[in-house]
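In what follows, residues are counted from 1 in the order of the sequence shown. Because only heavy atoms are used, hydrogens play no part in the values below, and waters and symmetry mates are left out as well, while side chains stay in.
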Amino acid sequence: MLDPQSPELKVADYNSALQLTQALEARGDFQYKGIHKLVLIIGDWTEKFVANKILPSAEQLSRELTLDKERVNAYLREMSARQNPPVIKKICMVDYNPTGDSSDGRIASFLRLITVFARPSQTDAGSSHRYVDGVNQTSFSSIQRWVKEKRQFPGKEGFQKWIYDCIDNNKLSETYASSEIGNLFQDNFDVTPVLKQTTINIHLKPVLKKLVDSRILYFYRNENALSPGNRSVFYYNVQDEIIARLDAYKKYLNERIIPELQRIGVLGNFSEQDLQNTRAIAGQVLPFLSPAYGDQKTAVEELLSLIHFEEEEKEKKEKEEKKAKLSELLDYIKSANRLVDLNYLRFRGEPIEEEVKNLIVNHDMILSADFADKKGLYVFALHKDCINGAVETAKRVFAATGNDSEIRVLAKMNIRDMMESREASSQFEKLEYSSLFKYLPFITRFFRSLFGNNVVHRFEAEEIRARLASEQNKKILEARTKVAQEEKVKLAERRVKDREVAEATAKARAAAAVANSESNAPARSSGLSSEQEAEIKRNLSAVLDVIDHAWGQDELPDREYLLQALGGDMDENTLINFLKKNAKKEIHSFMVRNQEEQYSFPILISRRFLKKNGKALLDKAKRIVDEQKNAGMPEQEKFDFYISFEDFLNRTLPKI
């Protein structure tokens, strides 16, 4: 928001302004004839601004003064730009033109800049804040109306081509909403860089902030951008357009950047599955993009900042799909009008996922229970509207086959508490008691059958229920343990298989690298082409950048660090051969004494880093070595590292 006390909003004292213009007009050369009246007219318009929100333009002032437009413009420049603080405040207002050409939807077809002027009164205490802020509100409303009513998206293909062209020409900032809106505020009265910056500070920035606060624009900061124009990023806050920009960046990455990095040998090949993980691919590519890549690097940075939109969109679609799937499955369970085993439930021919199964089990309208027998573990679901149907089905199955499993499951679901009437609950209880008869001791069953008294008493039923529940819990636990063990075996087999595939791929890459180095050997001996030399320089530059960055972050790079930073697409043998052949003079290394386990490989440091920071590193190493020597309880690992580092620097720095 605008600061009312900002120096850029200050104007000259009202009485002093009148005295100045009177003195100018009183000069004998008539150079400023009418300038005092001009100030009075602007003052009159300004006093009415609170009521009508209108300030005069140069054309309006020219008509009221009956002076030619050029002279009025000269007076206005004199009083708004050449006086400090200005006598009159120049204000930029974006006006909406509803009769604009609607065929293209462009901003310039409907919005235009009108320069208006204000002469704040004595009550404004020398500040034009009230008028600038009021006009900014008008500008905001005009731009908001254009975005909502008239703006047209050029379409995915046209938008992608525009993005490609701007990246190739290092003009990516021209695709931002802030650039399009900012072009509206190019005022002919701003004849110096200071005046242009003032317009940006008191008009463009506050209007952009209002648009962001109103969710018309989407804003974020890209502090890593090379160009200042790419650090404040404004997009039109339209989900489909942001996704279209994201898709354009992804295609540019896959079609332009990755093939180029693969051509120079810093990246390996990616599978289709790898390319689907945009975040991982972009994160792997970015370290190889030096400032020389310009807006290509910026586009990848923005891609990483926008990827959450794709992830959120994907997550949203997955939720919608799961919601639709859940609704369809619930409808099926309701239509079944009986118990449904979720293990055998299918959605369009495919088993349902565990997550969807959990959603069904936890749904408000579903009763669920686990059940186990000798064959396995089952998860039964029943719609609450289908309790009576499930009871009738269980009754028929028990009468026909003597199988009481469904009765046991229904009892476990406590359906008696949910039945519509006491009579229905009593009927289910009788069915359950009759199914429990076979669990009585043999002698009891024999004598009761002999006398036609096939009943189970309530106290017997409670005992049988408790015993069956205990046995059922034991079976469920055993079944779950068995399932977990089977999953563990499958996971182990899958990991072994993945490791074998990875090893086979690594061997194939190593063999290809060896073959490539052998095929290039004659070329090296006879002299490299300029293109090959350029590739080697780029590769070496990437390696040096990784090493220097590591030292800048107080990390100690070795060959394993390099392999990891380079993305794992260059195997160890290829990296070592490349360093031996091309980096002998550019990269130095040293071993840490007595610490073979901690520092298995030589620590790498570049020649250019030593030239820039060698003395400081040596001073640091000496200081730490002395501290450890004098310490009561020295850190052995730290001492061994810095004594080795000091020795290395003493031997190496004189040669650089």
Over all atoms of both residues, closest heavy-atom pair of Lys655 and Arg607: O-NH2, 4.2 Å

Flag if over 12 foreign heavy atoms under 6.0 Å of [atom1], [X]:
X	atom1	result
Arg221	CZ	yes
His308	NE2	yes
Glu272	CD	no

From CA spacing to verdict: ring pair (Phe, Tyr, Trp, His ring centres under 6.0 Å), Trp162, Phe153: CA-CA 12 Å; Trp162 183 40; Phe153 183 61; 9.3 Å; no

Stepwise ring pair (Phe, Tyr, Trp, His ring centres under 6.0 Å) check, Phe117 with Phe189: CA-CA 11 Å; Phe117 301 88; Phe189 282 87; 5.4 Å; yes

Test: [X] and [Y] ion pair at under 4.0 Å:
X	Y	value
Glu310	Arg279	no
Glu320	Lys323	no
Glu355	Lys322	yes
Lys171	Asp295	no
Lys161	Asp165	yes

Approximate separation, where rounding is to 0.5 Å, of Ile167 CD1 and Tyr252 OH: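 Result: 5.5 Å between the selected atoms.
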
Proximity of Phe645 and Trp551 rings by center, below 6.0 Å: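 When the ring centroids of Phe645 and Trp551 are compared, they turn out to be within the sub-6.0 Å range.
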
Tyr176/Phe234 under ring pair (Phe, Tyr, Trp, His ring centres under 6.0 Å): CA gap, chis, key distance, verdict: CA-CA 6 Å; Tyr176 302 157; Phe234 293 84; 8.4 Å; no

Option among Asn201, Val207, Leu208 that satisfies the side-chain contact (heavy atoms from CB on, under 4.5 Å) test with Lys205: Asn201

